[in-house]
Amino acid sequence: MFWNDLRKALVAAVLSLVMLASLGAAPLDAAEARDIRSSCWASSSLSEDLGSVIHSPGRWACGERIYSLEGERALLRFEIGPRDALPQYLFTRRSALAAVHLLAIDRDGAMRQTSLSADELRSALRGGYFKAPLPAVTRDTLQVVVAIDLPSHQMTLERAYLSPSDIALGPDLMRSLLFLAILAGMLSMPLIFNAAFYRILREPFLLWHSMLTISLLLTILVSSGLAVVLFDPPAMTLSWMTTVIFGLTVASGAMFTHSFIEPGRMHPLLRRALFWCAVWAMFLGTSHAAFPFVGRQFQSTVYTAAFAPVLIIFMVSVADALLRGSRAARFQAIGYIPVLMTGLVRLVTGVVPGLQSNDAMLLFYVGCACEVLFTTLGVADRFMTIKRQRDSARFEADMLERLSERDALTGLLNRRAIEQNFERFRSEGYRTLAVLDLDHFKAINDVHGHVVGDAVLKAVAEALHADPQVHAFRLGGEEFVLLVRGEDAQVRAERRRQAIPAVVANAVPGLGRPVTASMGITDDAPPNAEFAALYEQADKLLYNAKLAGRNRTQIASAQGSEMTRIPSLILLPSEPAPHGEHGSKDAHVHRSTHRQTESAAASRR
């Protein structure tokens, strides 16, 4: 009931946001009919006199909107017509720069100049813009020239305009800010859900989802007029904050996907690639914010293009997870569509020559809502799935305990558990069966006593610890069985076998020699294979491992028709059998070896 109500509420919230977005788009463009755009531009070095550049007609490029950052200083010329409202402010997009010089030029050649350093520039109520007051502009003013020292982004030149007044907190702007405030409030809801879910699940994806939500909230705050209304920071402060927060947003989104997609539902290489995408995004954001003038002429283009691999890896990862049947990826695929579209728009317009840069902020705002809200649905769905799985696991554990399906000494499941639940284990993907037998275990009982032997068995059970990918069983005496699933099932089983000497030596000191085990593994058997058949095959492999010198593993081929030993899995040296008594399988191996030797001698005779 709760899940259905939550889903309906969040879907309704997204639809409401889309409607609000359509209403909030108009005010930002309503006043532009009175704005004055630049008609010509020029570039120069910082050492050149502004007056000489302004009065050199050959230096100006008019009628084209393709700007260049090659010069140290970019100049924009605005023509003041007789019917234009007299401008009072310069508005343009925030980006790192050194200074802004504003000159009003009258018809008689008189010039009035105002210069502002980067730290003196103030943020505008229009999101992402800064403003600068012009020197006195009168009806005799013919031109206004704006010179920007060390501009770092073409949008600062492309989006510059003169306005007759500052942006006021009127009804239109209030409507836009109200939309953003509602959006920010709705993005805060997942934080409450995550806090409640994390108390129960303790899953890392909840923390990354919270970090993603917080970074999106900060992005909305610093890229809109809300920051100016709330605490009015300097324009350059908001500029570097926007860059760093964007890197944090991409990084937290990559890490959320890395931890959110279910185990086994994404290729391991893609999962690792998402981690490095997060590291790369944080490096790009912090380095670009800290050193904006290192390669100023091309840095913004390279910075934008550097996010292309992140975008590609993310899309491939979600597609791969969808193909593998991930439920979590379904929610991400829907929720990330507007954000991915925003990224593509920014990437194409920021990299392709001749196109004006476009940050698609309105689409980004809608994308924030869709991403967080649909992902919240995915988190809630994952929460319910994990909860059902945990409830089922607890119920099964209780049932197994009640049916006495656990070995009293080691706490591992016993033969009854594996025989009665083998079909279920196979249906859940546990297709690899391994049989282990301790080498020379009877000698331990004879020399040290059964109490020490029991302690060794308990330590072996520790080394064979079970997890969601491995079930461990004790069949009796010193014989154990592992059921393993996953692409690296053989490696998982071999690691546990190789861990036995160290774990036993740490738990039971004073044995005088390492306790090792031999193992036989069957893999890739048909889904309907019975336990008895697989156990018999693995048991034969185990005997072959004993005959080959013990302390090693033998594995059947996929067809099961031939026996293959994998040297890469045999990392421990074989040991000669001690004099005296042996364990059950060791004694059998000793007798089998003796018989084979006698048979070979007879044939030679």
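Residue numbers start at 1 and run along the sequence shown.
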- prompt: Is a donor on one side and an acceptor on the other found under 3.5 Å between the side chain of Arg474 and the backbone of Gly477?
  reply: yes
query: Does Asp439 use its side chain to pair, donor to acceptor, with the backbone of Asn551 at less than 3.5 Å?
result: yes
message: For His471 and Phe473, take the angle between the two ring planes, folded into 0 to 90°, and tell me which bin it lands in: parallel under 30, tilted 30 to 60, perpendicular over 60.
response: perpendicular
query: Has the side chain of Asp467 got a donor or acceptor atom that lies under 3.5 Å from a matching backbone atom of Val470?
result: yes
message: Is the shortest side-chain heavy-atom distance between Phe205 and Ile261 below 4.5 Å?
response: no
message: I'd like to know if the side chain of Ser326 reaches the main chain of Leu322, judged simply by a donor and an acceptor atom lying under 3.5 Å from each other, with no hydrogens or angles considered.
response: no
- prompt: Is there side-chain contact between Val504 and Val460, with heavy atoms separated by less than 4.5 Å?
  reply: yes
message: Is a donor from one side chain sitting under 3.5 angstrom from an acceptor on the other, for Thr553 and Arg497?
response: yes
task: Evaluate salt bridge (charged side-chain N to carboxylate O under 4.0 Å, His left out) for Lys458 paired with Glu462, printing each intermediate quantity in order.
output: CA-CA 6 Å; Lys458 291 179 182 178; Glu462 253 184 72; over 6 Å; no
- prompt: Under the side chain to side chain contact (heavy atoms under 4.5 Å, CB included) criterion, do Ile521 and Leu433 qualify, and how do the steps go?
  reply: CA-CA 6 Å; Ile521 297 179; Leu433 185 144; over 6 Å; no
Pairwise side-chain contact, Val310 with Val250, heavy-atom cut-off 4.5 Å (strictly under): yes
message: For a 4.5 angstrom cut-off between non-hydrogen side-chain atoms, does Leu457 reach Leu438?
response: yes
task: Determine, for Phe531 and Arg415, whether the Lys NZ or Arg CZ falls below 6.0 Å from the six-membered ring centre while staying within 45 degrees of the axis.
output: no
- request: Answer whether the closest heavy-atom distance between the side chains of Met255 and Leu274 falls below 4.5 Å.
  value: no
- request: Assess whether side chain to side chain contact (heavy atoms under 4.5 Å, CB included) is satisfied between Leu464 and Leu482, documenting all intermediate values.
  value: CA-CA 8 Å; Leu464 302 179; Leu482 294 177; 4.2 Å; yes
field: Backbone of Asn414 reached by a side-chain donor or acceptor of Arg406 within 3.5 Å
entry: no
- request: Could you tell me whether Phe283 and Trp280 have their ring centroids closer than 6.0 angstrom?
  value: yes
message: Set out, in order, the CA-CA distance, both residues' side-chain angles and the distance that settles side chain to side chain donor-acceptor pair (under 3.5 Å) for Gln537 and Thr522, then state yes or no.
response: CA-CA 7 Å; Gln537 185 181 11; Thr522 60; 4.7 Å; no
Show every donor-acceptor pair shorter than 3.5 Å between a side-chain atom in residues 330-343 and any protein atom, with sequence neighbours excluded, or say none if there are none.
unit_1	atom_1	unit_2	atom_2	d
Gln332	NE2	Thr257	OG1	3.0
Gln332	NE2	Tyr336	OH	3.3
Tyr336	OH	Glu371	OE2	3.0
Thr342	OG1	Pro338	O	2.9

field: side chain to side chain contact (heavy atoms under 4.5 Å, CB included) partners of Leu270, counting only residues at least two apart
entry: Met266, His267, Val316, Ser317, Asp320
- prompt: In terms of side-chain heavy atoms, does Gln498 have a donor or acceptor partner in Glu494 at a distance below 3.5 Å?
  reply: yes
query: Residues two or more places apart in sequence or in another chain: which of them pass salt bridge (charged side-chain N to carboxylate O under 4.0 Å, His left out) with Glu530?
result: none
- request: Kindly say whether His465 contributes a backbone atom to a donor-acceptor pair with the side chain of Arg496 at under 3.5 angstrom?
  value: yes
field: Pairwise side-chain contact, Val515 with Phe441, heavy-atom cut-off 4.5 Å (strictly under)
entry: no
- request: For Ile418 and Leu413, run side chain to side chain contact (heavy atoms under 4.5 Å, CB included): C-alpha distance rounded to whole Å, both residues' side-chain angles, the deciding distance at 0.1 Å, then the answer.
  value: CA-CA 7 Å; Ile418 192 172; Leu413 296 170; over 6 Å; no
field: Side-chain touch Trp276/Ile313, heavy atoms, less than 4.5 angstrom
entry: no
field: Phe307 and Phe246 aromatic ring geometry - parallel, tilted or perpendicular at 30°/60° bounds
entry: perpendicular
query: Do Glu536 and Lys540 sit within salt-bridge range, that is, some charged N less than 4.0 Å from a carboxylate O?
result: yes
Side-chain donor or acceptor of Asn421 paired with backbone N/O of Arg424 under 3.5 Å: no
- prompt: With no hydrogens and no angle check, is any side-chain donor or acceptor of Gln299 less than 3.5 Å from a backbone partner on Phe291?
  reply: yes
query: Rounded to the nearest 0.5 Å, how far apart are CE of Met282 and CG of Leu248?
result: 5.5 Å
- prompt: Do Asp437 and Ser518 meet the criterion of a side-chain donor-acceptor pair at a distance under 3.5 Å?
  reply: no
